[in-house]
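Structure first, then comments.
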Number of protein chains: 2
Amino acid sequence: MSTWPDTALESLRAAGLRRGGARRAVVDYLAAQACCRSAQEIHDGIRGRGGEVGVASVYRALDTLVELDLVQRVDIGDGVARFEPTHEGTHHHHHLVCDDCGKVEPFTDAALERALERAAGRLGYELEQHDVVLRGACDGCRPGD
Amino acid sequence: MSTWPDTALESLRAAGLRRGGARRAVVDYLAAQACCRSAQEIHDGIRGRGGEVGVASVYRALDTLVELDLVQRVDIGDGVARFEPTHEGTHHHHHLVCDDCGKVEPFTDAALERALERAAGRLGYELEQHDVVLRGACDGCRPGD
DNA sequence: CTCCAAACGATAGCGATTCTCATCGCTGTG
DNA sequence: CACAGCGATGAGAATCGCTATCGTTTGGAG
């Protein structure tokens, strides 16, 4: 299996889309991140490297990528949409959000995945995607308790 | 077990909060809904019944209710926050969202709950809340397939 | 009944996202 | 290699959900 950026850029081309000015920048940026990033962060990040992208292009690129299932939208409930590459298999993960410090960290859990599949199947849904966001106090933010 | 509106209004009073002009309207409205509603819908819904609430009051009321754990905020990823009564025990549920028609329906799954608890514990988080949103094509929106 | 502060409603303000539009630059053709 | 056509792009305006502000209202204790 090739790397995610390669797969993504190839998929974009296969979908009949043209060159990769802004799109490529977004793909590159996301590929280098450990976890989800907001559109704002992506925009700033690309510009910080000297990229000349406009906000609109970032959103457009993300839209396309989400459409093609190459990027997943993550909503942790603070009114800002975040995005991250969809990693099939091994890297698929969900998110833990600390209510106190706002830290977001990824986690994986096989049993959880199975439970999700089963639940969806039971209700006649063909599962396309799923978001799980757990909220609470993280280790660091629970000093006395 | 008394009804949710009663519990909610009582909790509000216990928290030292005053009368229930706007707050009561929000509680009443939510109690009558089957599933989550956006702040906009709540506002419109109350006004549709002749209520004179302002948007700000709706948000304020929701904020307070969420704070007191009487209402749960649900984010299905469309950039609009939705709210619904927190039903302890039997009625606790998560959401299935149809990518096609946008329909949102609740579901429950005991195994899923257990998996969530376990996963959080394993990572040192004290779980405060969790949101699970499953996306896909619902029965009705999958005619041929 | 009177008074004070909590609660309220309207509206301005703010930040995130989308829309609009003139321009740019791939990409296939001659 | 130059060209044309059209999708892609960036800047800024517009929109939308949500929050902050502020003067007014009103619950409720004395």
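Just so it is clear: chains get the letters A, B, ... in the order the sequence lines come, proteins before strands, and each one is counted from 1. Just the heavy atoms: all of them, side chains too, but no hydrogens, waters or symmetry mates, feed the values below.
Near DNA chain C, meaning a heavy atom under 4.0 Å from it, residues 30-54 of chain B has Arg47(B), Glu52(B), Val53(B), Gly54(B) in order of number.
In this structure, Ser57(B) does not reach the dA7(C) phosphate: none of its side-chain N or O atoms is under 4.0 Å from OP1 or OP2.
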Contacts table for residues 50-61 of chain A: side-chain donor-acceptor under 3.5 angstrom, sequence neighbours left out:
residue	atom	partner	partner atom	Å
Ser57(A)	OG	Arg60(A)	NH2	3.2

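Screening residues 32-49 of chain A for salt bridge (Lys or Arg N to Asp or Glu O under 4.0 Å), with sequence neighbours left out, gives no hits. Residue pairs meeting the ring-ring contact (aromatic ring centres under 6.0 Å, His included) criterion with at least one member in residues 108-131 of chain B, sequence neighbours excluded: His92(B)-His130(B), His94(B)-His130(B).
Under the rule for a salt bridge (charged side-chain N to carboxylate O under 4.0 Å, His left out), Glu128(A) has no partner lying at least two apart in sequence or in another chain. Applying the salt bridge (charged side-chain N to carboxylate O under 4.0 Å, His left out) test to Asp78(A) and every residue at least two apart in sequence or in another chain returns Arg82(A). Not counting sequence neighbours, Tyr29(A) has no partner by the side chain to side chain donor-acceptor pair (under 3.5 Å) test. Judged as a salt bridge (charged side-chain N to carboxylate O under 4.0 Å, His left out), and not counting sequence neighbours, the contacts of Asp75(B) are Arg73(B).
If you chain together ILVMFWY residues whose side-chain heavy atoms come under 4.5 Å of each other, Val97(B) ends up grouped with Val74(B), Ile76(B), Val104(B), Val133(B).
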Give me the distances for all protein-to-nucleotides 21-25 of chain C N/O pairs that come in under 3.5 Å?
residue	atom	partner	partner atom	Å
dG25(C)	N2	Arg18(A)	NH1	3.1

Considering only nitrogen or oxygen atoms on both sides, find all protein atoms under 3.5 Å from nucleotides 11-14 of chain C and state each distance.
none

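Atom CG in Asp63(B) sits roughly 10 Å away from atom C1' in dT19(D) (whole-Å rounding).
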Checklist entry - For DNA chain D, what string of dots and brackets results from 5' to 3' when Watson-Crick and G-U pairs need both distances under 3.5 Å, crossing pairs get [ ], and pairs with another strand get |? => result ||||||||||||||||||||||||||||||

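Side-chain atoms of Ala22(B) lie closest to dG9(C) of the nucleotides dG9(C), dT17(C), dC18(D). The listed nucleotides are dT9(D), dC8(C), dA16(C); the one nearest the side chain of Arg23(B) is dC8(C).
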